[in-house]
Amino acid sequence: MHSSFSKHYSPILTVQSGDTIQVSTPDIKWGYSPSPDLPKQLLSSREQEDQPLHPMIGPIKIEGAKPGMVLEIRTNDLQPGWYGTNWAGKLPSWQNEKLQLLDSERVQLDWKLNARQMTGSCVIGEKEFRVGLSPFSG
């Protein structure tokens, strides 16, 4: 895993054209837990970047692919894990600016995700909130 792009990174996997693979990505803080029953494992960048940002999987080499070739990559299924976290407030961003949260304390929301029902829920104070999930690769 790494959090930047470079043509100098060595592939973590080599596949043939037409192969199907399955990957799991860590959360924004480089943690991963496959289920609520298992503790989060903290991961680190294979490339030892100074300031890890969003974690990415790869690179993946496609046997026979050469520079300049057009590749078709198909995402068959995106399934959310069982948890998610997001923040609001304090840090400069267009969202915090629009919601007038730049001067407020940072708030963290911890979500329980249900991939079967495609819903997420979190508790703020004593109230539970639910949202529909719409996973995307991005």
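Atom set for the values below is all heavy atoms of this structure, side chains included, hydrogens, waters and symmetry mates excluded.
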If Ile, Leu, Val, Met, Phe, Trp and Tyr residues are connected whenever their side-chain heavy atoms lie under 4.5 Å apart, and connections chain through other members, are Met56 and Val23 in the same group? no
Looking only at heavy atoms, which two atoms of Trp87 and Lys29 are closest? And how far apart? CZ2-CE, 3.6 Å
Under the 3.5 angstrom rule, does the side chain of Ser33 hit a backbone N or O of Leu38 as a donor-acceptor pair? yes
State plainly whether one hydrophobic cluster holds both Tyr32 and Leu13, where clusters connect Ile, Leu, Val, Met, Phe, Trp and Tyr through side-chain heavy atoms under 4.5 angstrom apart. yes
Within 6.0 Å of CD in Gln108, more than 12 heavy atoms from elsewhere: yes
Min side-chain heavy-atom separation Pro59-Lys7 under 4.5 Å: no
Give me the atom names and distance for the closest heavy-atom approach of Gly89 to Arg106. O-CG, 3.9 Å
Any donor-acceptor pair under 3.5 Å from Trp111 side chain to Trp82 backbone: no
Out of curiosity, does Phe129 fall in the hydrophobic cluster containing Leu113 (side-chain heavy atoms, cut-off under 4.5 Å, transitive links)? yes
Under the 3.5 angstrom rule, does the side chain of Asn96 hit a backbone N or O of Ser93 as a donor-acceptor pair? no
With a 6.0 Å cut-off (strictly less than), is the heavy-atom count around CD of Gln100, excluding the residue itself, greater than 12? no
State, with a plain yes or no, whether a side-chain heavy atom of Ser134 is found less than 4.5 Å away from one of Phe136. no
Rounded to the nearest 0.5 angstrom, the OG1-NE2 distance for Thr25 and His54 is 11.5 Å
Restricting to non-hydrogen atoms, name the atom on Val123 and the atom on Gly125 that form the minimum distance, rounded to 0.1 Å. CG1-O, 3.4 Å
Pair up each side-chain donor or acceptor in residues 40-49 with any protein partner under 3.5 Å, not counting sequence neighbours, and list the distances.
| unit_1 | atom_1 | unit_2 | atom_2 | d |
| --- | --- | --- | --- | --- |
| Lys40 | NZ | Asp27 | OD2 | 3.3 |
| Ser45 | OG | Glu47 | N | 3.1 |
| Ser45 | OG | Gln48 | N | 3.3 |
| Ser45 | OG | Glu49 | OE1 | 2.4 |
| Arg46 | NH1 | Ser10 | O | 3.3 |
| Arg46 | NH2 | Ser10 | O | 2.4 |
| Gln48 | NE2 | Ser45 | O | 2.8 |
| Glu49 | OE1 | Ser3 | N | 3.1 |
| Glu49 | OE1 | Ser3 | OG | 3.3 |
| Glu49 | OE2 | Ser3 | N | 2.9 |
| Glu49 | OE2 | Ser4 | N | 3.0 |
| Glu49 | OE2 | Ser4 | OG | 2.6 |

Quick check on side chain to side chain contact (heavy atoms under 4.5 Å, CB included): which of Leu109, Val107, Asp110 does Asn86 satisfy it with? Leu109
Checking side chain to side chain contact (heavy atoms under 4.5 Å, CB included) for the pair Ile28/Thr85: CA distance, chi angles, key distance, verdict? CA-CA 8 Å; Ile28 188 64; Thr85 305; 5.7 Å; no
Look at atom CD of Gln79 and say whether more than 12 heavy atoms of other residues, nucleotides or ligands are closer to it than 6.0 Å. no
Could you list the residues that satisfy side chain to side chain contact (heavy atoms under 4.5 Å, CB included) with Thr20, not counting sequence neighbours? Asn76
Determine, using the 4.5 Å side-chain heavy-atom cutoff (strictly less than), whether Ile12 and Leu71 are members of one ILVMFWY cluster. yes
Are the side chains of Ile57 and Met1 in contact, using a 4.5 Å heavy-atom criterion? yes
Are the side chains of Ile62 and Ile73 in contact, using a 4.5 Å heavy-atom criterion? yes
